[in-house]
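See below for the structure under consideration.
Sequence positions, counted from 1, serve as the residue numbers for this chain. None of the values given here were measured: they were computed from a predicted structure.
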Amino acid sequence: MSRARDLTTGPISGHFRALAVPMGIGMVFNTLYNVVDTFYAGLLSTDAQAGLAISFQVFFVMIAFGFGLNAALSALVGRALGQKRLGQAKRIACQGITYAVLASGVLALVGVVVTPYLLAIVSEPGGYRDAGQAYLQILLFTAPSFLVAFSANGILGAQGDMTSMLHAQIASFFANLALNPLFIFGIPGVIDGIGFNGIALSTAVSQTGVTVFILYRVFQSDVMAHNQAAVFWPRFKWLGQITQQAVPTSFTMMVMMLAGFVVQYFLKGFGGAAVAAYGVGLRVEQLILLPGLGLSGALLPIAAQNFGAGQFDRVREALWFCCKAGLVLMLSGSVLLWGAAPYAIAVFSDDPDVIRIGSNYLRVDGFILPVYIILFSMNSFLQALQKPIYTLWIGIYRQAFGVWFFSWLLVRVFDLGTWGVWFGVAIAVTTGLVLSLTVSARVARDQIGGWRQKPAV
């Protein structure tokens, strides 16, 4: 049986090590999983790669709902555990799984109807749009696997179990690595491959395996072992609470995708090299941010359990530990970007213009990596205190209005070229942090008596 980790006792730093390290490693394997799909699509054709890219933009809506459910259940179950209300924790967990099944069914049906229209927004008629459509048709049928896995992992995360998903992500990576060529090309003389659709089928099979394993771990955990009866029939009280927590986080993720469209809109006037440089720069940035994402992800269940237990000093300690450790990691990443930006871009492209423009992006990005980690920490803090709606409004300012306004100002008014886009993003992120700190300080004052750590007596 999987034992719940009591995050309300013991050193805060030890809990971060136990939760953040497996989460960070898992994110690496998740990134590699997507690299495998991109690699095999490239072996087929440019249309296949482009189809994979546009279908991901559309499927990101489903992923965003998954992130929302994960954060919601981590916060709600974590708080119930901190309050020692194990029966309530079990009820929320059961309702969370039910919620994921119902939501995935609705999203899959809506997806079948709206997918052609969404693809039309981000593509032109032709082979790559057809490839994206075929890919999504298969994935939509596996929507329950994605959402249930996200939800179940939130339940495990609330109990301090991050290793189950790590094991699942490692296994799914190797399964995807083996199944992609099998389904795409088949075995000569034995079975025929199905071409590009094999990538989607490989994803469907491997992710279904992840869901089965994660659900097994949930039902073996302490929360589900409680003598409270398992109630999976929908109860509006609990579904409403989950919705209040999940929807703001989901829409925050969607707004994040919108920011990418805004940046690409301003870059397209500078040619394909600028757009390509941004895409490559994002890959490098995401790799550097992975340790910080692991830290801020671990903060959510730690803060949630201690908030539920009324141990507000430990909530404050966890927040500032996350910020301080994250700053050390991100400042190291900044130094790396400033010194190795051209070499990092050159790994993905040999085009001199892409390397030059991408290097400029990463050097500006180096200044805001520490800003990002504080923002991520504040988001987790607000979610743990069950105030996720503020993360949505901060995201709308930063990733929609801020990126658009400052990029427009620096590109169209001051004519700074691609530098204007990079500095526009940096200003939007920095002013977003100011807003986030202001909001978080007010929430902390109302919920836990302020966020400044009290001196030891």
Side-chain angles (χ1 to χ4, degrees), residues 1-26 70-97 151-168 214-228 230 238 241-242 245 294-325 377 380-386 444 447-449 451 453-454 456:
M1 178 180 293
S2 176
R3 300 283 304 173
R5 186 182 184 93
D6 186 354
L7 304 175
T8 63
T9 61
I12 290 291
S13 58
H15 293 316
F16 269 100
R17 283 194 297 272
L19 273 61
V21 172
M23 182 179 289
I25 297 173
N70 182 287
L73 291 172
S74 186
L76 292 170
V77 175
R79 184 178 184 182
L81 289 174
Q83 295 171 330
K84 308 304 180 187
R85 301 174 69 177
L86 300 183
Q88 179 173 305
K90 183 173 183 178
R91 284 193 296 270
I92 296 171
C94 294
Q95 291 293 295
I97 294 171
S151 301
N153 190 48
I155 297 167
L156 290 175
Q159 300 176 75
D161 178 2
M162 299 295 186
T163 58
S164 292
M165 181 53 83
L166 169 61
H167 295 153
I214 294 299
L215 274 178
Y216 168 77
R217 295 292 293 174
V218 166
F219 284 104
Q220 291 294 308
S221 69
D222 280 0
V223 162
M224 300 303 286
H226 190 265
N227 57 17
Q228 167 72 38
W238 301 111
Q241 286 193 23
I242 294 170
Q245 283 289 120
L295 266 176
S296 59
L299 173 63
L300 175 51
I302 294 173
Q305 276 200 27
N306 285 285
F307 178 56
Q311 298 197 40
F312 300 151
D313 283 340
R314 287 177 63 84
V315 175
R316 288 186 280 266
E317 182 184 354
L319 172 62
W320 294 119
F321 179 90
C322 183
C323 290
K324 292 172 186 176
S377 300
S380 290
F381 174 71
L382 291 170
Q383 290 166 348
L385 270 58
Q386 299 186 16
Q447 298 292 317
I448 61 173
W451 63 9
Q453 289 181 261
K454 311 299 183 188

Exercise. Are D222 and K90 close enough for a salt bridge, meaning some N to O gap below 4.0 Å?
Worked result: no
Exercise. For Q228, what residues pass the side chain to side chain donor-acceptor pair (under 3.5 Å) criterion, not counting sequence neighbours?
Worked result: R91
Problem set entry | Closest non-hydrogen atom pair, A93 against V223 | CB-CG1, 4.1 Å
Exercise. Can you name the closest pair of heavy atoms from R316 and D313 and give their distance?
Worked result: NH2-OD1, 2.5 Å
Problem set entry | Sub-4.5 Å side-chain heavy-atom contact between F321 and L299 | no
Exercise. Between A384 and A304, which heavy-atom pair has the shortest distance, and what is it?
Worked result: CB-N, 3.7 Å
For this session: Please report the shortest heavy-atom distance between S380 and S296, naming the atom on each side.
Result: OG-O, 2.6 Å
Problem set entry | Non-hydrogen side-chain atoms of H15 and P301 separated by less than 4.5 Å | no
Seminar exercise, completed: Sorted by chain and residue number, the side chain to side chain donor-acceptor pair (under 3.5 Å) partners of Q383 (sequence neighbours excluded) come out as T249
For this session: Would you check if L156 and M165 make a side-chain contact, meaning some heavy-atom pair closer than 4.5 Å?
Result: no
Exercise. Within the side chain of N306, is there an N or O that forms a donor-acceptor pair under 3.5 Å with the backbone of I302?
Worked result: yes
Exercise. Taking the side chain as C-beta and beyond, is there a heavy-atom pair between R79 and Q83 under 4.5 Å?
Worked result: yes
Exercise. Does the side chain of F307 reach to within under 4.5 Å of the side chain of R314, using non-hydrogen atoms?
Worked result: no
For this session: Look up atom CG in L19 and atom CZ in R5, then write down how far apart they are to the nearest 0.5 Å.
Result: 6.5 Å
Problem set entry | Heavy-atom pair with the smallest gap, counting every atom of A309 and T8 | CB-CG2, 3.8 Å
Exercise. Passes side chain to side chain contact (heavy atoms under 4.5 Å, CB included), I25 versus M162? Steps please.
Worked result: CA-CA 10 Å; I25 297 173; M162 299 295 186; over 6 Å; no
For this session: For the residue pair S151 and N153, confirm or rule out a side-chain donor-acceptor distance under 3.5 Å.
Result: no
Exercise. Is any side-chain heavy atom of F381 less than 4.5 Å from a side-chain heavy atom of I448?
Worked result: yes
Problem set entry | Any donor-acceptor N/O pair, Q386 side chain to Q245 backbone, under 3.5 Å | no
For this session: Check whether any side-chain heavy atom of I97 sits under 4.5 Å from a side-chain heavy atom of I155, and report yes or no.
Result: yes
Exercise. Should T163 and H167 count as side-chain neighbours, where that means a heavy-atom distance under 4.5 Å?
Worked result: yes
For this session: Quick one: closest heavy-atom pair of I214 and A152, and the distance?
Result: CG2-CB, 3.3 Å
Exercise. With a 3.5 Å cut-off and no angle check, do the side chains of S221 and Q159 form a donor-acceptor pair?
Worked result: yes
Problem set entry | Qualifying residues under side chain to side chain donor-acceptor pair (under 3.5 Å), relative to R85, sequence neighbours excluded | Q88
